[in-house]
Amino acid sequence: MIDPVEPSVPDGAEESPCTVCCCTQTNKILMVVFMALLILAIVFGNLLTLAVVLGTKHFRTPQGYLKASLAAADLAVGVFVVPLSVYAELQLMAGDSAPEWTASNSRSMSVHPCAVMGPIFAGCTLVSITTIFLMTIERSIAVLRPLHKDSVITRKRTSILIAFSWLGSFFLAVSPLLFSREIVLEYNTCSRMCNYALGTIGEFPSQAWNILLLFPAFDFTLLGGTVAINIISLSSIRQHSKRRKHLAETECQKASKPTFSDIKAAKTIGTLTVAFTASFTPIAVFVVGNVLGNEWCNFSFFAFWILASNSCCNVIIYSVRDHKFRLCVQKLLLRDANKSSRRT
């Protein structure tokens, strides 16, 4: 989420660096097509997830609320963040000169699109991380303490935690701008997104260095905790499976063991954690590289768009791991198909 600021060129006439995505006109067209398809995939997949979770009584649970929160964060990326990149690239391809707000050091503008879209992308990324962390805790309680699940995990408590996760994530997203004048948000011609940038050219300010490293520190602290909790939960599931094979189950054992759906959900969240960690790690590497003074233009494009592409993966993971989710999707699609056929 951070890129170094290059020296400004008058009248926004700076030529974009030749990166893998945009060295030729063909590559630029393919890049815009990829972005457009990504928007469709993110919006369709997450609207489908929200329709299933909020429109089906079975999914109106604490876990369902967390899934809806994750889908809402991913949907915001597809509705706000990626379309701005598409618009910027179409403007760059069609016009003789770049739009003023896409030039480096363009922060003198009174209204800069990146001042809104940058925090949205960063905030939604942080919401996704905190939501996956909360989902992991919720499932670990269901697996490790099944008798206490309903009393500890309630919809009211889950809703409060979701609200705090959104407020805290977006506060952290804007904190670099609040606590340092050296940090700005600009459209970066390497990543083709709105990124945090250093307002001072040349020497790296120490205060900004400390603030910018908050992102990877916070993210990997939560991801590390999520991975650790997942390992404990999956180890418990494995031990339970072994005991079930070798011991005759009594009524007491049945009452205290996790349900099959809890086990399935824990495995699904483990898959979500692995997918998000894999998509976020390149960003963390890139941030640390920037702190050390490396630009890594080509790498920044792939890092940011791998993370953006993760916003359409969650519905795929749900559909693969959750049979009830697949059935609800089929019912919704059939119901919509029947409505459209009746109208015609």
Side-chain angles (χ1 to χ4, degrees), residues 41-76 78 127-128 130-163 165-166 226 229-230 233-234 236-237 240-241 244 249 253-276 311-340:
I42 292 174
V43 172
F44 175 77
N46 288 289
L47 283 178
L48 195 62
T49 301
L50 288 172
V52 170
V53 172
L54 300 179
T56 308
K57 187 176 180 180
H58 171 77
F59 286 99
R60 292 173 192 166
T61 61
Q63 182 189 159
Y65 286 3
L66 290 169
K67 286 182 178 180
S69 175
L70 186 60
D74 290 336
L75 183 63
V127 167
S128 297
T130 53
T131 302
I132 292 174
F133 178 71
L134 292 174
M135 291 172 74
T136 303
I137 293 177
E138 187 264 342
R139 284 299 90 188
S140 67
I141 294 174
V143 170
L144 300 175
R145 296 289 185 269
L147 292 178
H148 302 85
K149 178 183 70 173
D150 294 333
S151 60
V152 174
I153 306 168
T154 64
R155 286 185 290 185
K156 182 178 179 180
R157 289 176 181 173
T158 303
S159 300
I160 293 173
L161 288 174
I162 290 172
S165 74
W166 278 81
T226 302
I229 295 171
N230 270 310
S233 298
L234 294 176
S236 177
I237 291 172
H240 171 74
S241 298
R244 188 173 56 184
E249 296 181 328
Q253 288 174 323
K254 288 181 180 179
S256 61
K257 72 176 184 179
T259 64
F260 178 77
S261 61
D262 290 334
I263 294 173
K264 201 77 171 178
K267 292 180 179 179
T268 300
I269 295 167
T271 306
L272 279 175
T273 304
V274 171
F276 194 90
S311 295
C312 66
C313 292
N314 295 332
V315 66
I316 299 174
I317 296 173
Y318 295 149
S319 62
V320 170
R321 303 291 314 186
D322 195 333
H323 178 66
K324 292 181 179 178
F325 185 88
R326 293 197 302 270
L327 289 177
C328 289
V329 169
Q330 292 174 3
K331 289 179 181 178
L332 284 174
L333 294 177
L334 287 174
R335 186 174 64 187
D336 292 340
N338 291 334
K339 286 182 179 179
S340 60

Rounded to the nearest 0.5 Å, what separation is found between the [atom1] atom of [X] and the [atom2] atom of [Y]?
X    : Y    : atom1 : atom2 : answer
S311 : L70  : OG    : CG    : 8.5 Å
T226 : L134 : OG1   : CG    : 8.5 Å
I162 : L66  : CD1   : CG    : 4.5 Å
W166 : T130 : CH2   : OG1   : 9.0 Å
L75  : F44  : CG    : CZ    : 13.0 Å
L234 : R139 : CG    : CZ    : 12.5 Å

> Taking it one step at a time, do L272 and M135 satisfy side-chain contact (heavy atoms from CB on, under 4.5 Å)?
Replying inline: CA-CA 10 Å; L272 279 175; M135 291 172 74; 4.0 Å; yes
Can you list the residues that meet the side chain to side chain contact (heavy atoms under 4.5 Å, CB included) rule with [X], with sequence neighbours excluded?
X    : value
T271 : I317, R321
T154 : K156, R157
I153 : P62, E138, I141, K149, T158
C313 : N310

> Ignoring hydrogens and geometry, is there a side-chain-to-backbone donor-acceptor pair from S233 to N230 under 3.5 Å?
Replying inline: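 No, the answer is negative, given that no donor and acceptor are paired below the 3.5 Å cut-off.
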> T56 side chain to V53 main-chain N or O, any donor-acceptor pair under 3.5 Å?
Replying inline: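 No: the side chain of T56 does not pair with the backbone of V53.
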>> Tell me which pairs pass salt bridge (charged side-chain N to carboxylate O under 4.0 Å, His left out) where either residue lies in residues 44-65, with sequence neighbours left out.
In response: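 Found none.
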> What pairs with S140 under side-chain hydrogen bond (donor to acceptor under 3.5 Å, both in side chains), at least two apart in sequence or on another chain?
Replying inline: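 S140 satisfies side-chain hydrogen bond (donor to acceptor under 3.5 Å, both in side chains) with no other residue.
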> Looking at T136, I137, T131, which hits side chain to side chain contact (heavy atoms under 4.5 Å, CB included) with F133?
Replying inline: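 Only match with F133 under side chain to side chain contact (heavy atoms under 4.5 Å, CB included): I137.
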>> Restricting to non-hydrogen atoms, name the atom on L50 and the atom on A68 that form the minimum distance, rounded to 0.1 Å.
In response: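 Between these two residues, the closest heavy atoms are CD2-O, 3.5 Å.
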